[in-house]
Structures are given as structure tokens and as C-alpha cells.
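Heads up, the thing below is written out as C-alpha cells.
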Amino acid sequence: MSEELIKNVQEMLKEETWTRAAISNYTKNNLIELAAVIEKARNENCADEIKTLCDEHLTHSKDSIIALYFSGILALDKGTLDNSALVSLVDIFKKNHKEAVVEYLCESILADDPNNKFALRTLADRYRAENNEKVWELYERIVKLDYEEAELAKALAEHYEELSDSENAIAYYKKALLRYVSAKNLNIIKEVWTKLISLIPEEIDFFLLVQRKVAKTISDDKSALLMQELYTYYKDTQKWDTAIDILKLILSIDPKDNWARKEIIECFKGKYAGHSHLDDYIRSSNLTQNFRNVFEAISDFEKHIAFDAKNFVFHRSWGVGIIRKVHNDILTINFGKRSGIHEMSLKMAVNALTPLAKNHIWVLKATKSREELAKKIKDEKEWALKTIIKSFDNNCDFKRIKAELVDSILTPGEWTSWNTAAKKILESNSSFGVNPNDINMYTVREHEISLEEKLSNEFKAQKQFFARIEILMKFVNADETDKGSELFADMFSYFTSFLKTVTKVNEQILASYLVVRDINAKIPSLAFPIKYTFKEIYDDIENPRAMYDLLKDSKNTSLQANYLAAIKMLPDWADQYIRLFPAVLSSDMLKTLINSGHTEKVQKLAQASFENSREYREAALYLFKECQNEKWFKEAGIPYEKQLIGLLNIITQTFREINNHVNTTENKKINRTATQLLFKDDTLLKYMIENGEDTITRMYTLIDDITDLESSIKATLRNKILEKYPEYKFHTAEEKTSAPSGMLVTVKKLEEKQALVDQIQNVDIPANAKDLSEARSQGDLKENAEYKAAKEHQHYLTVTLAKLQEELNRSVIFDPTTITTSVISFATKVTLLNKDTGKDETYTILGPWESDPDNGIISYMSPFGDALLDHKAGEDISFVINEHSYNYTVKAIKAAKI
């Protein structure tokens with residue numbers, strides 16, 4: 001069927017009626033007929049053949065209408081960015097005044113590709129010529145798609161302003177201004193800047209954002225000229241602080257700007273009108289004299305003007321004080337009860353004191369009670385954050401916030417919960433921002449800004465590459481952000497810039513590729529053309545497994561998952577997944593491979609993991625822990641003992657590398673995992689005991705050879721093996737220590753005490769806390785018997801737990817293979833002849849935990865037990881305890897059963 005359709009298209013191309021010669025008779029019905037052919041080609045899966053046929057035809061008949069139409073529309077299906085065939089076709093119809101055909105053709109293109117810029121612009125031109133109101137909808141789509149389009153953004157702003165829709169008007173004026181800045185169109189920048197000052201003069205953060213962009217893309221001087229106009233508004237409205245900040249910015253660009261210098265003097269006069277020493281301080285600071293550095297002069301003036309009666313100051317030794325009186329040049333300052341009242345000259349005050357605002361956190365701490373301030377800080381966290389940040393020149397990190405609160409106002413426990421809530425406020429509340437030059441420093445905004453601007457500022461302040469991806473994807477994932485904003489375009493372009501020329505693929509190149517591809521899929525309107533295929537990128541990666549680990553994911557990013565998804569599209573994806581598994585360690589990856597018919601490859605991976613544990617350490621640990629019960633793993637035929645030996649080899653290798661200071665942190669983590677898998681739940685021990693003494697000998701020899709393995713692990717193994725095989729003889733190279741430090745204990749008692757600690761920590765203490773809470777809720781704690789009983793039990797539990805933990809820390813597991821009967825010692829059973837009574841007495845020597853005198857079990861640390869230690873059979877022993885004399889002859893010593 002498809003062959004017939006291809007033959008029909010060939011015939012159509014030959015007919016003269018489908019050439020430019022017949023254009024005068026062309027209507028949209030002809031296009032409808034052609035569209036039906038394309039639909040049929042799609043259904044019969046021969047679209048590629050027809051496109052190839054038409055492309056070939058165009059090489060010698062470039063104005064063929066049918067060839068241009070088929071080639072152009074089918075190119076849209078393939079998602080290519082080549083519009084050349086459609087552009088030529090539309091141009092032919094426009095030159096022949098076929099407006100209706102042009103309109104229909106553009107609508108057809110947009111039905112297949114809603115973001116086709118060429119079709120949108122062509123159709124918009126038609127609507128504009130017809131005064132069709134639908135043109136504004138098209139303009140909005142174009143502005144959203146084309147981040148460089150400033151003229152239409154400005155036209156939309158003016159349109160909405162005429163409709164009295166100020167919100168949309170302002171939004172499009174902002175877009176237009178930022179895009180004109182990128183285009184360096186200074187005349188229009190000035191026009192739109194002036195318009196926005198008339199509409200939103202209070203949005204100082206936006207204007208500062210534009211100022212920075214102008215300074216970066218055009219020049220500092222031009223940005224200063226723009227700020228002069230904004231300054232006029234703040235001066236006229238007597239908002240002196242902001243006006244002064246703007247002038248300081250202008251002076252930072254040009255310290256010799258005489259206009260700004262004169263204006264800042266006028267602003268100071270306005271702000272401090274009525275101050276008795278205003279003129280004196282202006283004069284003494286030399287603000288009016290050009291020979292004095294302007295910022296030194298400003299600093300002198302601001303310090304002097306701050307030293308007025310009722311103002312607060314700080315001295316590094318005396319603390320916070322309040323100025324009680326200013327007489328001539330002498331200040332009288334009250335520093336409170338501790339430091340008293342001091343007088344000093346104004347000159348000395350300028351050098352020794354720091355002026356403080358009335359709402360500075362230090363002033364609040366000095367003038368309010370701790371209880372009052374703590375309550376306000378806990379109840380009004382936003383106020384607290386603003387107060388502290390503003391106290392330090394509106395530039396403060398969390399380290400400083402903590403330093404101001406902990407101990408002096410909040411306890412460490414109160415800080416923990418306060419800190420969590422405060423960070424959420426800083427993250428979500430648009431009244432807070434970050435310093436554009438330091439992501440760790442927070443600022444307070446006088447006016448709220450959009451989430452787009454907030455994230456854009458964070459992006460600029462953030463210097464870490466992967467943290468920038470997190471901010472970008474936070475922008476993408478937020479419902480309220482405008483993905484068509486130029487602020488987003490600036491962030492996005494940072495990553496596209498990595499892909500313009502790729503010489504060597506590193507983690508930043510790969511991450512940028514994955515991010516750009518992901519955003520292209522989520523926001524097709526961006527349509528950034530990536531010159532490289534993923535295969536080209538991947539083939540250039542030196543170590544794909546290591547690269548997986550280098551892709552750092554966070555809350556809003558999924559770089560590792562996107563990396564795997566891209567690899568899944570490669571022809572040899574199964575081999576690549578096998579290659580990557582030791583880094584990924586994912587059950588989903590194994591399921592994907594097995595469900596796709598690659599079970600044999602997965603089984604070979606498992607076999608290799610235990611045969612070559614050096615290269616596949618993480619894989620071996622994962623497979624041992626997670627896949628024992630999987631059918632495919634059982635059928636892989638890996639002997640269980642071989643798996644255990646593989647894990648022992650991993651422990652040996654990691655100890656060796658740790659001792660050689662190679663990847664110490666990673667090796668310690670792997671070593672700990674392997675040790676827990678083998679010994680925590682007696683996994684290895686159970687296998688050894690179940691398989692008899694030959695297996696014990698074979699496996700224990702390997703364990704004993706690991707010299708860095710904790711001696712307690714080996715001792716525990718020997719104890720439990722001897723419980724099952726009392727006559728088993730160990731042949732170990734381990735050195736025996738005759739007098740181990742700490743408190744000797746048996747394995748059985750150690751396990752009992754550990755269980756008791758677990759019971760107290762996880763059951764008894766939580767239950768007691770609940771009892772306390774319920775008793776406290778009954779009120780009047782003085783007469784509350786339940787509360788007193790719960791408090792007494794709380795004390796008992798605390799003391800008992802502390803004692804147990806201290807004993808556990810000192811405990812040393814006794815190794816039964818070290819029992820000696822040559823002298824009385826731990827784990828021996830001794831028969832003594834009491835020379836005073838003539839009767840035999842039998843005692844077992846163990847530790848304090850096992851001690852049970854009524855049943856003849858004596859602690860080796862007790863006075864009686866200690867007196868017996870180290871004596872041999874046949875020796876006489878005499879000693880006195882608590883004024884009682886003991887006289888014995890040692891008759892026999894044998895090993896005790898423990």
C-alpha cells in the first residue's frame with residue numbers, strides 16, 4: 001500500500017498543476033488535499049520515504065509547491081529545527097497575495113508545532129494587518145518563546161496599559177527592559193526605565209537588578225545615570241535612607257561625582273533636620289570639601305551624627321550604653337550597672353564607640369529581660385530574623401544569628417527547633433534574600449520581590465556548580481514561576497554555554513547536557529539546539545561508573561536518573577548498565593536487565609563480583625545482602641562459602657588500604673558494611689557451626705589472618721564455637737594477653753547487659769517520659785504523688801543506664817581458648833581445703849556480672865577472689881578480709897564451663 005502512495009506522490013510532482021506556474025489558482029483546499037496525503041503517509045509508515053523523495057525533487061525544482069509542503073510538514077514531524085522549506089513556501093504565497101492560504105498554512109504548522117516561531121510571527125503579521133485582536137495572544141506566545149524579543153514585549157506592555165491592566169503591563173515592561181539591556185539598546189532602556197519608575201518606583205530591588213545588568217553589559221557610568229532618575233523619586237518623597245543608598249551606589253561608581261556629593265549632603269540635611277549639631281558635623285567631616293575622600297567623609301559624618309542624646313552606642317569593654325547628655329564636645333554615657341557612667345570627648349567617641357540603632361539586637365538584649373526577649377523571638381521568628389540581619393548592615397549569615405541567640409537568649413535545645421523553622425522562613429518568605437556576592441549571607445528586603453527574582457539572585461550568589469542546578473530546577477518545578485522570563489533565560493544560558501564547544505567531557509559538561517535536555521523536554525518552547533548526541537557525549541566519558549558518582553543530586557534534581565535513562569537509549573545499554581551497576585547498586589536496574597532478557601549477563605556480573613572483589617566490592621556487598629533469595633541469583637551457582645570468603649577478602653583489602661591511607665573514608669565505610677554483614681547477626685558463625693569442624697578450621701584460619709579485625713569479634717566467635725564444640729582446638733597466630741585491661745566478661749553476660757541497656761533506652765525511658773507528661777498535666781506538682789513517683793523512677797533509670805554504659809565501655813570479652821589451669825584465674829573452678837574446718841570448698845572464678853556467692857561463683861575483682869588469683873595447686877593461702885582470717889590449701893584447679 002505504501003509503495004502505491006509513494007508512486008502517487010511521484011506522479012503528483014511531475015504534473016505542472018503543482019508548480020509555481022499554477023499558483024494563481026491555488027486555494028487552501030489544495031493544501032487540505034495535500035494534508036490528507038501526509039496523514040495517509042503517516043498511517044502507512046512511509047513518511048520518511050516521501051520526505052526523501054521531495055527533498056531530492058527540490059534540488060532541481062526549488063519552487064515545487066507540493067515538494068515544499070511535504071518536506072516542510074514532515075520535517076516538523078521529525079522535530080527538526082529546519083524551517084527552510086516552509087519559509088520558501090510561505091514566501092511564494094505571500095508574493096502572490098494568497099493571504100488566506102498563508103493564514104491556513106501557518107495554522108496548520110502550529111497545529112503540528114505550537115511553538116514554531118516562524119509560523120507565529122507570520123500569522124501575527126497577518127492578524128496585525130487585519131486589526132485582529134487575536135494578534136496579542138500570538139505576541140504573548142512569541143515573547144514567551146523568544147527571550148531576545150523586546151519590541152513585542154514593549155508593545156504588549158503598552159497594550160495592557162491601555163486596557164488598565166497594570167499587573168500585565170508592568171510584567172511586560174520588566175521583560176522589555178531586561179531584554180533591551182541584553183541587546184544594549186540604551187535609548188529604549190532609558191524610555192522603559194522612566195516608564196517603570198512612574199509605575200513601580202518602590203520596587204528598588206528590581207531597579208538594582210537592572211542597574212547591575214547595565215553595569216555588566218554596557219557600562220558603570222550608564223547605570224549610574226539611570227539611578228539618578230530613580231533617586232529623584234526617593235528624594236522628592238523624602239525617603240532619605242533609600243535616597244542616600246542610591247547616592248552611595250553612584251559614588252561607588254564615580255567617587256568624584258560632584259552632583260552626587262552635593263545631593264548626599266542635601267539628603268543628610270533632610271534626614272537629620274532639627275539636629276542641633278547637623279551643620280557642625282557636615283563641616284567637621286569635610287563633606288563639602290572635594291579634597292576629602294567622599295566615603296571617609298560620609299563615615300565621619302554618620303558616626304558624629306549618631307552621637308546624640310538618647311542614642312545607643314557600643315564599647316568593646318563596657319558593652320551597650322545610652323547617651324544621656326551631649327554638652328559641647330563631651331558625651332555622658334550610661335553603660336548600665338556593670339560598667340556605670342562614663343564621659344568622653346566626641347573625638348574619642350568616634351574612635352572608640354560604635355553607634356547602634358534602637359532596634360539593634362544588642363540594644364534589645366541590654367534593655368529587655370531575657371524572658372521577655374526569648375518569648376518574642378520564639379513567637380515572632382520573622383521579626384527576630386529581620387532584627388538580627390538588619391543589626392549587621394543587613395548582611396548576616398546563620399553563624400552570626402546563632403551566636404546572637406544561643407545561651408544569651410535561647411538554650412541549645414530551643415535553638416534546634418527555632419533554627420529549623422527560621423530556615424524555612426528564609427527559604428520561602430520573599431521579604432528575605434541573599435547577598436548577590438555571597439550565598440551564605442542573608443539580607444532583608446524593604447519590598448517583596450517575585451520568586452523569579454529571588455531565585456535569580458540566589459543563582460548569581462551561588463558559586464557551586466551543582467548547587468546552581470538545584471536553583472535552576474527549583475525554578476522549573478515551581479508552579480508560580482514564569483519559565484519565559486529573561487531571568488530564567490540567564491540561568492539557563494549558563495548551562496547551555498557549556499555545550500557550545502565540547503573538547504573533553506567532565507561532570508559539568510555531562511550535567512549541563514542532561515539539564516538542558518531535561519528542560520528542552522519539559523519546556524519545548526526553549527528549544528535549545530544541542531549539537532551533540534548523547535552517544536557522542538557518552539563515548540567521550542573516560543570512566544562512566546565514576547561519572548555516575550560525580551553527578552551530585554539534591555531535592556530538585558535527578559541527574560543520576562537522567563543519566564541512566566539516556567544510557568537506556570544506547571544500542572548496547574545492557575552492557576553499559578552492567579558496567580555501571582557497582583556505582584548504582586539499584587534493584588530497579590537489575591529488574592530492568594532481567595525483564596529485558598539479560599539474566600545471563602546479570603548472573604555473570606554476580607559471579608565476577610565475588611571472584612574479583614577488589615574491583616566489585618560494593619556490588620558484592622549489595623548482592624550478598626539484597627539478592628540471596630532471588631531466583632536468578634540462586635541459579636547463578638555461586639557457592640555460599642565463596643560469597644563469605646569474598647566478603648572476608650574485602651575486609652582484608654580495605655584494612656590494607658586504610659593502613660596505607662588510600663581512600664580512607666570510603667574504605668572505612670565498606671569495611672564496616674562487610675563486617676556487619678558477616679558478624680553482626682552471626683551470619684558467618686552460623687555457617688561455620690552448621691557445617692562442622694573442617695569448615696570451622698578453614699574459615700577461622702582466614703578470619704584469624706585478618707590482624708586488624710577487632711579481637712572481641714574473634715573472641716566472640718571462639719566462645720560460641722566452643723559452646724557447640726567444647727573439645728575444638730584453635731591453632732591461631734594471635735598473641736594472648738595474660739592481663740587484659742578492662743573488666744573480663746563472658747559473651748552470655750555481655751549480651752544480657754546489652755539487651756538490658758536496649759530495654760531501658762528504648763522502652764523504659766520513653767514510657768517514663770509519657771508517665772511524667774501525664775502526671776504533669778494533672779497540675780500542682782508539689783502534691784502530685786504520680787509525678788513524684790515518675791521523677792524517682794526517672795532518676796533510677798538514668799543512674800542505672802549510666803552505670804551499665806560505663807561497665808559496657810570497660811568490658812572485655814573473655815577468650816575461652818586462653819583458659820589456663822596452671823594457676824587460679826578467670827574461668828577456673830578451684831577446690832580448696834579449709835584448714836580451719838577440715839572441709840573442702842569449691843569456687844568458680846568469673847567476673848562481677850556473673851558473681852553469685854550463694855552458688856559458689858566468685859568475682860575475680862572481689863577481695864576474696866583477688867586473694868585466690870595466681871596460686872597453684874598444692875600451695876597454702878592465708879589472708880584476712882574484714883577482720884576474718886582464711887586459711888586454705890589449693891587441692892585442684894580445672895577449667896570452668898562458661
Treating [X] as the side-chain partner and [Y] as the backbone partner, does any N or O pair qualify as donor plus acceptor under 3.5 Å?
X    : Y    : result
Q560 : Y548 : yes
T683 : F679 : no
N440 : D397 : no
T411 : D407 : no
S497 : Y494 : yes
T416 : P412 : yes
E850 : G847 : yes

Q: Starting at OG1 of T654, measure out to NZ of K669 and round the result to the nearest 0.5 Å.
A: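 One finds 13.5 Å between OG1 of T654 and NZ of K669.
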Is the number of heavy atoms from other residues, nucleotides or ligands under 6.0 Å of [X] [atom1] greater than 12?
X    : atom1 : result
Y796 : OH    : no
E542 : CD    : no
K463 : NZ    : yes
K402 : NZ    : no
Q805 : CD    : yes

SB check [X] [Y] (cutoff 4.0 Å):
X    : Y    : answer
R468 : E458 : no
K720 : D682 : yes
D518 : K522 : yes
E806 : R810 : yes

With heavy-atom distances below 4.5 Å as the criterion, would you say the side chains of [X] and [Y] are in contact?
X    : Y    : value
Y622 : V584 : no
S596 : W573 : yes
I509 : N506 : yes
Q628 : Q643 : yes
N520 : V516 : yes
T675 : I713 : yes
L644 : L647 : no
I858 : L846 : no

Is it true that [Y] and [X] share a donor-acceptor pair across their side chains at a distance under 3.5 Å?
X    : Y    : answer
E657 : N663 : no
R617 : N667 : yes
W849 : E807 : yes
Q576 : D572 : yes
Y728 : T697 : yes
D852 : N855 : yes

Q: Run through L709, N719, I813 and flag the one making a side-chain contact (heavy atoms from CB on, under 4.5 Å) with K714.
A: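 For K714, the side-chain contact (heavy atoms from CB on, under 4.5 Å) check succeeds only for L709.
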Q: Give the intermediate values and the outcome of side chain to side chain donor-acceptor pair (under 3.5 Å) for residues D758 and N762.
A: CA-CA 6 Å; D758 184 66; N762 300 315; 2.5 Å; yes
**Q.** Closest non-hydrogen atom pair between A895 and T821, with its separation
**A.**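 Looks like N-CG2, 3.4 Å.
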Q.
To check you understand the geometry: which heavy-atom pair defines the closest contact between L564 and Y577, and what is its length?
A.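 Smallest heavy-atom distance, with atoms named: O-OH, 2.9 Å.
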For [Y] together with [X], are the ring centres under 6.0 Å from each other?
X    : Y    : value
F495 : F465 : yes
Y687 : Y640 : yes
H598 : W632 : no
F492 : F475 : no

**Q.** Residue pair Q462, E470: steps toward the side chain to side chain donor-acceptor pair (under 3.5 Å) verdict
**A.** CA-CA 10 Å; Q462 179 58 257; E470 164 67 12; over 6 Å; no
Q: Test the K423-F398 pair against the cation-pi criterion, namely NZ or CZ under 6.0 angstrom from the six-membered ring centroid and within 45° of the ring axis.
A: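 Judged by the rule (NZ or CZ under 6.0 Å from the ring centre, within 45° of its axis), K423 counts as positioned above F398.
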Q | Cation-pi geometry met for R579 and Y616 (6.0 Å, 45°) | A |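 Ring-cation test returns no.
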Q) What's the verdict on salt bridge (charged side-chain N to carboxylate O under 4.0 Å, His left out) for E723 and K748, showing C-alpha distance, side-chain angles and the deciding distance? A) CA-CA 11 Å; E723 287 178 10; K748 183 178 179 181; over 6 Å; no
Q: Quick one: do E611 and K642 satisfy salt bridge (charged side-chain N to carboxylate O under 4.0 Å, His left out)? Show the steps, please.
A: CA-CA 8 Å; E611 287 170 0; K642 185 175 185 178; 3.3 Å; yes
Q: Evaluate the criterion salt bridge (charged side-chain N to carboxylate O under 4.0 Å, His left out) for residue pair K474 and E427; output intermediate values, then yes/no.
A: CA-CA 12 Å; K474 190 185 296 185; E427 174 75 16; 2.6 Å; yes
Q. Would K535 and D539 count as a salt bridge (charged side-chain N to carboxylate O under 4.0 Å, His left out) if you check the C-alpha gap in whole Å, the side-chain angles of each, and the deciding distance to 0.1 Å?
A. CA-CA 6 Å; K535 186 178 187 309; D539 288 345; 2.8 Å; yes
